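This one's a predicted model, so the numbers in the text were calculated from it and none came from an experiment. The chain is numbered in sequence order, starting from 1.
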Amino acid sequence: MNADLIDQLLAEYEQQRTAYADPALEAVRTAIFLEDVFGITLRDDQIDLAVLTDPIALRVLISDAAVPH
């Protein structure tokens with residue numbers, strides 16, 4: 001998946017996203033989006049609202065998942 005498509009998908013998600021009062025719910029919702037759209041599986045420690053609401057951190061997370069370990 002190219003960088004432009006990743007940026008477009010993240011921008012579309014951000015536009016339609018509704019912030020919830022419960023930070024844990026917001027983090028889980030974003031994690032589900034990443035798993036469904038980008039096919040990555042997040043570890044429990046990666047489901048962190050500070051990371052999952054930061055566009056730069058999301059790009060890093062997606063990029064890291066694309067690199068085989």
Side-chain angles (χ1 to χ4, degrees):
M1 185 175 296
N2 68 43
D4 290 336
L5 181 56
I6 291 170
D7 289 340
Q8 178 185 351
L9 292 169
L10 289 175
E12 288 174 8
Y13 176 73
E14 185 59 32
Q15 286 179 337
Q16 64 85 30
R17 185 174 70 83
T18 303
Y20 290 100
D22 182 348
L25 179 61
E26 183 68 20
V28 170
R29 183 171 178 246
T30 303
I32 292 168
F33 163 76
L34 293 175
E35 291 179 349
D36 287 349
V37 173
F38 297 103
I40 61 175
T41 302
L42 300 177
R43 298 181 314 270
D44 289 345
D45 64 321
Q46 291 175 308
I47 302 175
D48 178 352
L49 187 61
V51 172
L52 298 177
T53 57
D54 178 350
I56 295 170
L58 285 176
R59 285 294 309 270
V60 169
L61 196 60
I62 293 165
S63 296
D64 286 350
V67 175
H69 297 281

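Taken from CG in L34 to OG1 in T30, the straight-line distance is 7.0 Å, to the nearest 0.5 Å. Atoms CG and CG, on L49 and D22 in that order, are 9.5 Å from each other to the nearest 0.5 Å.
Applying the 6.0 Å contact sphere to CG of D44 captures no more than 12 heavy atoms from other residues, nucleotides or ligands.
Between Q16 and E12 there is no side-chain heavy-atom pair separated by less than 4.5 Å. Side-chain atoms of L52 and R29, non-hydrogen and from C-beta on, never get closer than 4.5 Å to each other.
Hydrophobic cluster membership is shared by I32 and L9, with clusters built from Ile, Leu, Val, Met, Phe, Trp and Tyr side chains linked at under 4.5 angstrom. No single ILVMFWY cluster, assembled from side-chain heavy atoms under 4.5 Å apart, contains both I56 and Y13. Both V37 and I47 are assigned to one and the same hydrophobic cluster, defined by single-linkage of ILVMFWY side chains at heavy-atom distances under 4.5 Å. Cluster membership for V60 and I6, using ILVMFWY side-chain heavy atoms within less than 4.5 angstrom, is not shared.
Heavy atoms only, all atoms of each residue included: L61 and Q46 are closest at CD1-NE2, 3.4 Å. Of all the heavy atoms in T53 and P55, the pair that sits closest is O-CD, 3.6 Å. Between I40 and E35, the closest heavy-atom pair is O-CG, 2.8 Å.
Using a 30° and 60° split on the angle between ring planes, F33 and F38 fall in the perpendicular class, above 60°.
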